[in-house]
> 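Structure below; questions to follow.
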Amino acid sequence: MIEKTYEPGAVEGRIYQSWLDANAFAAGAGAKPGAETFSIVIPPPNVTGSLHIGHALNNTIQDILIRFERMRGKDVLWQPGTDHAGIATQMIVERRLMESQQPSRRELGREEFLRRVWEWKAESGGTIMNQLRRLGASADWSRERFTMDEGLSEAVRKVFVELHAKGLIYRAKRLVNWHPGLETAISDLEVENIETNGKMWHLKYPVDNSDEYVVVATTRPETMLGDTAVAVHPDDERYRQLIGQHVILPIVGRRIPIVGDEYADPELGSGAVKITPAHDFNDFEVGVRHDLRPINIFTPQARINGYAPKEYRGLDRFEAREKIVADLDAMGALVWVEEKKIMVPYDEKTKQVVIEPYLTDQWFANAEVLAQPALKSVREGRTVFVPKSYENTYYAWMENIKPWCISRQLWWGHQIPAWYGPRNNADPDFNRADAGPKVFVAATEAEAVKQAMAYYGRAVEVHTGGLQSGAYLKAYAAFETTQRDRLTPQTWAQIKQDDPFAELRDSKVPLHRDEDVLDTWFSSALWPFSTLGWPDDTPELKKYYPTDVLVTGFDIIFFWVARMMMMGLEFTHQEPFHTVYMHALVRDERGQKMSKTRGNVIDPLGLIEGYGADATRFTLAAMAAQGRDLRLAMSRVEGYRNFVTKLWNAARFLEMNECRRVAGFDPKSCRLPVNRWIVGATARAAAAVTRGIEEYKFNEAASAAYDFVWGTFCDWYVELAKPILTGDDAEARAETQATAAFVLDQILKLLHPMMPFVTEELWGETGKAGPRREKLLIVSEWPDLAGLEDAEAEAEMGWLIDLVSGIRSVRTEMNVPAAAKIPLQIIGAGVETGTRVESQLAALMRLARLGSVDYVSDVPKGSAQLVLGEATFVLPLAGIIDLGAERARLEKEIGKLDEDVEKIDRKLGNEQFVAKAPEEVIEEQRTRRAEAIDRRERIAAALARLS
RNA sequence: GGGUGUAUAGCUCAGCGGGAGAGCACUACCUUGACAUGGUAGGGGUCACAGGUUCAAUCCCUGUUACACCCA
């Protein structure tokens with residue numbers, strides 16, 4: 001017995017377990033022998049994250065595709081896993097340490113801190129995967145991967161080493177986006193420029209040996225401590241004669257040149273700009289062009305460092321700004337302050353910390369080279385984006401791609417496989433101050449040691465965890481710090497003079513591993529093949545790579561999609577996927593981005609609890625129209641919850657009426673028009689749902705299923721079947737019972753990808769009667785019903801529906817009580833109408849609530865009349881109906897028909913139209929005109945009969 | 001500043017070169033043996049604005065306005 005109400009909370013867990021027990025998610029489950037493969041890799045969520053509505057949408061779509069293809073018999077793999085999410089995870093654990101008043105990260109030290117992170121991962125890393133299970137995700141959990149798994153780490157090291165060997169990864173001292181809170185470099189993409197009310201300070205810089213001064217304008221006066229020049233436009237008449245002269249930097253007293261550079265915009269500010277190469281990206285370029293040495297005035301925490309005058313040292317950059325402005329003002333160097341909207345770079349995550357351009361040694365990937373094949377793939381259509389417009393976004397970014405800073409000054413992540421040692425005296429770069437230490441890049445420490453031994457010609461020793469001990473390390477410590485940019489040319493000169501390595505001759509050469517880790521996206525970029533076992537040539541890799549579709553949000557098109565393309569092509573020479581389906585952002589009802597601070601976050605787990613996973617999934621699918629953000633309205637969720645209920649009750653009705661599946665039932669064998677019709681309609685719905693999913697138009701698939709199930713099956717078929725099911729014709733009843741059961745089976749299949757739980761539950765319930773079910777719904781076959789359409793039955797049922805709707809409409813308009821059974825008289829019926837009335841009599845009487853049906857030749861006065869086909873249907877309601885209202889109703893319809901005819905006549909009267917429009921369009925218009933005129937005549941006749 | 005997208009019923013959104021659609025909300029009626037999380041009927045729209053292309057434009061093109069997003 002199907003329970004009276006469907007309770008998702010009670011059913012979902014049990015159904016999910018039954019899938020697990022049946023091993024239905026395993027790669028290849030339910031596949032036909034030799035089947036085509038279909039694989040998707042999950043965009044790995046942050047391991048410590050929890051499910052938000054974006055994940056819910058993303059994974060619902062993937063699960064729909066996976067379940068659909070699995071049912072179509074393909075050999076399916078949905079590869080799940082999580083990402084270690086370097087910065088985010090490290091921050092969470094640090095915050096937890098702080099909140100529980102434990103020692104800080106630095107106090108714990110690297111090893112202990114990492115142990116804590118792994119602990120936290122073990123504790124909470126399963127959360128999001130479990131939440132995906134609640135959603136119904138049918139991923140192959142036995143193959144779950146984590147970006148820091150040993151295998152994936154091996155892939156990362158191999159990629160790093162090989163790209164380094166090819167010169168596509170290199171170390172360089174560059175300005176990077178520096179996060180002073182986290183004390184790490186971050187990528188351009190993690191910076192968000194936010195318009196802020198700022199100020200432009202106009203400062204006077206006195207010209208050396210002159211009474212003149214130059215006014216420079218800056219939004220960041222504190223950086224003047226690091227100024228190394230003033231730039232003016234070479235064509236600017238006001239300043240041209242000053243180029244080559246010097247100014248004396250106020251406060252600092254440094255004598256810096258005035259250079260001519262086109263970067264200075266004569267229109268902007270005073271036309272002269274201060275140049276601070278160490279603290280501004282544009283200034284850095286100017287510095288390169290004019291050979292200006294950058295002067296870094298900040299510590300990694302963005303406090304003023306030792307290169308600035310004493311009284312500023314240790315000040316935070318914003319405190320320093322105030323003090324400098326005040327001091328400049330006091331000495332008369334502040335000309336005026338302008339209020340101005342300025343773009344301030346914030347960290348994209350918290351939008352709290354101002355990002356600092358900062359000069360450091362970092363590892364970079366040559367993205368420009370890697371991007372070329374990735375661009376070509378999309379240009380040549382080997383990978384397509386859906387919607388296609390995202391290809392332009394991809395091109396725009398890839399064509400102007402910048403070097404990718406891949407190192408992060410964090411602890412949680414893939415430690416960079418590079419070992420540093422002192423430069424050998426024989427090294428040609430030994431005397432180059434900017435050469436830095438000798439680097440050995442290798443996949444393993446043993447390999448690095450081997451390389452180092454070959455370089456030094458003697459034994460080496462690897463030191464980890466910093467270099468705090470050992471006498472000989474004193475000297476080496478200087479090298480260690482080079483990667484932190486603490487080494488000044490002066491100290492370097494001193495070190496060389498001291499020849500610290502002299503005392504090391506008889507000892508082992510110390511090697512020290514790079515302390516930094518790789519950008520999280522470096523390992524994510526390998527995800528489609530690293531999860532399948534690469535670099536080993538595993539059977540999974542052979543079988544499931546390249547994957548089919550990548551389902552993701554457009555916000556990570558640069559972070560992730562582009563980089564997977566680059567790495568996939570570089571290392572497997574294949575596109576990692578042939579299609580990239582980009583879904584939109586989920587917003588709230590008012591179109592606002594969901595955010596914790598706005599307090600408008602819709603928790604998908606809350607939706608699942610409140611409405612069930614199926615309603616939640618169906619809502620997301622129904623709203624996932626391509627290329628448009630989706631605003632999640634709760635009323636929609638509620639509506640689809642009702643849809644689940646509707647389906648449930650329809651199944652209950654069938655069960656109560658003993659609509660059992662019949663072994664070997666052939667839908668083609670149906671005799672009754674109503675059954676032939678519903679079978680055909682099912683076939684059309686199946687085709688529409690199939691097409692919708694195939695074309696990634698999930699909203700179309702959802703609405704096709706919804707309309708069919710509710711609008712056709714429940715609203716009409718079930719109602720039409722009622723008189724048959726309770727009637728005396730045993731044969732008709734049996735056929736209808738079997739057909740209804742068959743159609744419900746198809747419905748369950750069609751809805752399954754979108755609503756897996758309730759459909760599987762009903763599949764089980766309906767399996768209790770009739771022939772034994774061989775399989776769970778999840779691995780059953782997708783409907784292929786082509787060829788079941790029946791035009792004749794469709795016409796007949798269409799006619800019946802029109803007639804019933806027409807009568808109901810008249811009843812309501814004439815205020816006939818709903819319970820009243822009224823007589824129907826038919827006038828002018830031909831053979832077709834006669835046959836149809838006979839065939840559909842029971843249904844007609846029941847649905848239109850008729851007491852009798854007769855053929856007549858005269859119409860009683862005061863009747864309501866309805867024109868359908870060649871016949872007119874009369875409701876003799878003299879005394880009940882309002883004649884005036886009925887006249888108005890008929891006149892209104894005539895008016896509308898007249899309008900239509902007039903419109904069509906205008907068209908047909910247009911020579912151009914007749915000459916140029918396609919024949920079928922003209923023919924259609926003619927048919928419509930004839931029909932309208934015919935109908936108008938009958939209604940006019942009815943009107944005449946009225947009184 | 002450059003780019004992309006969106007403007008259709010009160011709301012949330014489909015759709016589309018040839019007869020304006022759904023859900024919700026609203027109105028009226030209905031506890032009709034699956035379902036009131038329901039049924040029946042109904043009201044409601046110059047398809048943002050201005051041009052253009054076309055026999056024909058809500059749909060294609062151009063511009064304007066508004067909003068959203070991306071990049072600098």
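Letters A, B, ... mirror the listed sequences (proteins, then strands); counts begin at 1.
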> For B:U6 and B:C13, measure between their P atoms and round to the nearest Å.
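B:U6 and B:C13 have their P atoms separated by 14 Å.
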> Rounded to the nearest angstrom, tell me the gap between atom CG in A:Asn400 and atom P in B:G1.
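That distance rounds to 20 Å.
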> Between A:Asn649 and B:G38, does any side-chain N or O lie under 4.0 Å from OP1 or OP2?
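No, outside the criterion.
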> I'd like to know if the side chain of A:Arg808 reaches the main chain of A:Leu847, judged simply by a donor and an acceptor atom lying under 3.5 Å from each other, with no hydrogens or angles considered.
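Judged by distance alone, yes, a pair lies under 3.5 Å.
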> What's the separation between atom CZ in A:Arg641 and atom CG in A:Asp614, rounded to the nearest 0.5 Å?
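So the CZ of A:Arg641 and the CG of A:Asp614 are separated by 13.0 Å.
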> Could you tell me the Watson-Crick or G-U partner of B:U27, where both distances fall under 3.5 Å? Say none if there is no partner.
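Its partner is B:A41.
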> Verify the contact: side-chain N or O of A:Trp397 to OP1 or OP2 of B:A72, cut-off strictly under 4.0 Å; return yes or no.
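Result: no.
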> B:G63 and B:A20: how far apart are their P atoms, nearest whole angstrom?
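Each nucleotide's P atom is 29 Å from the other's.
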> Under 4.0 Å, counting only non-hydrogen atoms across every strand here, what does A:Ser809 touch: a base, just sugar-phosphate, or nothing?
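Sugar-phosphate contact only - A:Ser809 comes under 4.0 Å of backbone atoms but never of a base.
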> Quick one: sort the A:Phe643 and A:Tyr706 rings into parallel, tilted or perpendicular, breaks at 30° and 60°.
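Judged by the thresholds at 30° and 60°, the geometry between A:Phe643 and A:Tyr706 is tilted.
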> Counting Watson-Crick and G-U wobble pairs only, both distances under 3.5 Å, name the nucleotide matched with B:G21, or none.
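Paired with B:G21, as far as the under-3.5 Å criterion goes, is B:C13.
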> Expressed as a whole number of Å, how far does the C1' atom of B:C11 sit from that of B:A25?
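Pairwise C1' distance, B:C11 against B:A25, rounds to 7 Å.
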> Output all residues satisfying ring-ring contact (aromatic ring centres under 6.0 Å, His included) with A:Phe385, sequence neighbours left out; order by chain, then residue number.
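Once residues adjacent in sequence are excluded, the partners of A:Phe385 under the ring-ring contact (aromatic ring centres under 6.0 Å, His included) criterion are A:Tyr394.
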> Heavy atoms under 4.0 Å, any strand shown: does A:Lys722 hit a base, just sugar-phosphate, or nothing?
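Counting heavy atoms under 4.0 Å across all strands, the contact made by A:Lys722 includes a base.
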> Return whichever of A:Phe653 or A:Val914 has its heavy-atom-nearest nucleotide of RNA chain B closer to the 5' end.
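Nearer the 5' end of the strand: A:Phe653.
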> If I pick the C1' atom on B:U58 and the same atom on B:A48, what distance separates them, to the nearest angstrom?
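Straight-line distance between the two C1' atoms is 12 Å.
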> Measure the distance from CD on A:Glu719 to P on B:U40 and round it to the nearest whole Å.
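Whole-Å distance recorded here is 7 Å.
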> Paired with B:G1 by Watson-Crick or G-U wobble geometry, both distances under 3.5 Å: which nucleotide is it?
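Partner of B:G1: B:C71.
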> Does either side chain, that of A:Tyr346 or that of A:Asn193, offer a donor lying less than 3.5 Å from an acceptor on the other one?
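No, because no side-chain N or O of A:Tyr346 sits under 3.5 Å from a partner of the opposite role on A:Asn193.
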> NA contact type, A:Val718, heavy-atom cut-off 4.0 Å: base, sugar-phosphate, or nothing?
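Base contact.
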> On a plain distance test, is the side chain of A:Arg808 in donor-acceptor contact with the base of B:U40 below 3.5 Å?
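Such a pair does not exist between side chain and base.
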> Looking at B:A41, B:A34, B:G39, which one has an atom nearest to any side-chain atom of A:Trp710?
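Nucleotide nearest to A:Trp710's side chain: B:G39.
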> Which letters describe nucleotides 25-32 of chain B, given B = protein heavy atom under 4.0 Å from base, S = only from sugar-phosphate, - = neither?
-----S-B
> How long is the line joining CG of A:Asn193 and P of B:G2, in whole Å?
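So the two atoms are 18 Å apart, to the nearest Å.
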> What verdict does the salt bridge (charged side-chain N to carboxylate O under 4.0 Å, His left out) test give for A:Lys402 and A:Asp188, after you've listed the backbone C-alpha separation in whole Å, the side-chain angles of each residue and the deciding distance to 0.1 Å?
CA-CA 9 Å; A:Lys402 301 285 185 301; A:Asp188 305 352; over 6 Å; no
> Report the nucleotide, chosen from B:A14, B:A34, B:U37, that has the shortest atom-to-atom distance to any side-chain atom of A:Ala650.
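So the nucleotide nearest the side chain must be B:A34.
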> Looking only at side-chain atoms of A:Phe558, point me to the closest of B:A41, B:C70, B:A34.
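Selected nucleotide (nearest to the side chain): B:C70.
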> For B:G5 versus B:A9, give the span between their C1' atoms, rounded off to a whole number of Å.
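The same atom, C1', in both gives a distance of 23 Å.
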> Indicate for each nucleotide in nucleotides 16-23 of chain B, in 5' to 3' sequence, whether protein heavy atoms under 4.0 Å reach the base (B), only the sugar-phosphate (S), or nothing (-).
--BB---S
> Atom CD1 of A:Ile194 and atom C1' of B:C70: how far apart are they, to the nearest Å?
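So the two atoms are 15 Å apart, to the nearest Å.
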> Within this structure, what is the CE-to-P distance between A:Met656 and B:G33, rounded to whole angstrom?
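Spelled out: CE on A:Met656 to P on B:G33 is 11 Å.
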> Could you say whether A:Asp715 or A:Lys4 is positioned toward the 5' end of RNA chain B, judged by the nucleotide with the nearest heavy atom to each?
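Looking at the nearest nucleotide for each, A:Lys4 comes out on the 5' side.
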> Between A:Phe559 (CZ) and B:C70 (P), how many Å, whole number?
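The answer, rounded to whole Å, is 11 Å.
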> Sticking with atom C1', work out how far B:G15 lies from B:G19, rounded to a whole angstrom.
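Going atom to atom, C1' in each nucleotide, I get 14 Å.
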